[in-house]
Amino acid sequence: QVHLAESGGGLVQAGGSLALSCAASGRTFGRYRMGWFRQAPGKEREFVATINWSSGSTVYADSVKGRFTISRDNAKNTLYLQMNNLKPEDTAVYYCAARDSGLVTTDETSYRYWGQGTQVTVSS
């Protein structure tokens, strides 16, 4: 069973930075795709970024492109999301997710495993 645990959320002022981590366990993730999603109050969960665990290839939502960076550490089985130049509209619960296929998808229904989420709040 795959287990994902996010950490690193918190409160930051607009223009600041935060780094999220997601510790993954339970499988060998070489053939997996991992992603970050977020859900703001009153809104549906949305795609943020995704990475192929083996190749490291990435895809970003337009809203975060150039500000956020997704990466992984194979040895530590950990996924990261570096968030820079944060905006109030980035405020949300951020979720780590995994799917047992390396194919690119931004559709949350294609991700089978989910963490519990970590709150990110950006003040103006």
Could you list the residues that satisfy ring pair (Phe, Tyr, Trp, His ring centres under 6.0 Å) with Tyr94, not counting sequence neighbours?
none

Does any pair with a residue in residues 26-61 pass disulfide bond (SG atoms under 2.5 Å apart), and if so which ones, sequence neighbours excluded?
none

Do Tyr60 side-chain atoms and Ile70 backbone N/O form a donor-acceptor pair below 3.5 Å?
yes

Got a second to check how far Gln119's CD is from Leu11's CG, nearest 0.5 Å?
9.5 Å

Donor-acceptor contacts under 3.5 Å from residues 12-22 side chains, at least two apart:
{"from": "Ser17", "atom 1": "OG", "to": "Asn84", "atom 2": "OD1", "distance (Å)": "2.9"}

Sequence neighbours left out, what passes ring pair (Phe, Tyr, Trp, His ring centres under 6.0 Å) with Phe47? Give chain and number order.
Phe37

Are any side-chain N or O atoms of Gln39 and backbone N or O atoms of Val93, one a donor and one an acceptor, separated by less than 3.5 Å?
no

Residues passing the side chain to side chain donor-acceptor pair (under 3.5 Å) test with Ser57, sequence neighbours excluded, are Ser55

For residues 109-124, pull every pair meeting salt bridge (charged side-chain N to carboxylate O under 4.0 Å, His left out), keeping only residues two or more places apart or in separate chains.
Asp100-Arg112

Under the 4.5 Å side-chain heavy-atom rule for ILVMFWY, direct or indirect, which residues accompany Leu103?
none

Verify the distance criterion only: is there a donor paired with an acceptor across the side chains of Thr105 and Asp107 at less than 3.5 Å?
no

Only pairs at least two apart or in different chains count here, so list each salt bridge (charged side-chain N to carboxylate O under 4.0 Å, His left out) that has a residue in residues 113-124.
none

Are side-chain heavy atoms of Leu4 and Trp114 found at a separation under 4.5 Å?
no

Could you give all pairs that pass the salt bridge (charged side-chain N to carboxylate O under 4.0 Å, His left out) test and reach residues 70-85, with sequence neighbours left out?
none

Rounded to the nearest 0.5 Å, how far apart are CZ of Arg33 and OG1 of Thr58?
8.5 Å

Side chain to side chain donor-acceptor pair (under 3.5 Å) against Glu108, all qualifying residues, sequence neighbours excluded
Arg45

Trp36 side chain to Tyr80 backbone, donor-acceptor under 3.5 Å
yes

Of all the heavy-atom pairs spanning Glu6 and Gly117, show the shortest one and how long it is.
OE1-N, 2.9 Å

For residues 61-68, dump all side-chain donor-acceptor pairs below 3.5 Å to protein atoms at least two apart in sequence or in another chain.
{"from": "Asp62", "atom 1": "OD1", "to": "Lys65", "atom 2": "NZ", "distance (Å)": "3.1"}
{"from": "Arg67", "atom 1": "NH1", "to": "Asn85", "atom 2": "O", "distance (Å)": "3.0"}
{"from": "Arg67", "atom 1": "NH1", "to": "Asp90", "atom 2": "OD2", "distance (Å)": "2.7"}
{"from": "Arg67", "atom 1": "NH2", "to": "Ser63", "atom 2": "O", "distance (Å)": "2.9"}
{"from": "Arg67", "atom 1": "NH2", "to": "Asp90", "atom 2": "OD1", "distance (Å)": "3.0"}
{"from": "Arg67", "atom 1": "NH2", "to": "Asp90", "atom 2": "OD2", "distance (Å)": "3.4"}

Residues 29-84 vs disulfide bond (SG atoms under 2.5 Å apart), sequence neighbours excluded, gives none

Trace of the side chain to side chain contact (heavy atoms under 4.5 Å, CB included) decision for Leu79 with Leu81:
CA-CA 7 Å; Leu79 179 72; Leu81 185 68; over 6 Å; no

Is the shortest side-chain heavy-atom distance between Arg27 and Tyr113 below 4.5 Å?
yes

Between Thr50 and Tyr111, a side-chain donor and acceptor under 3.5 Å:
yes

Side-chain donor-acceptor pair under 3.5 Å between Tyr95 and Arg38, yes or no?
no

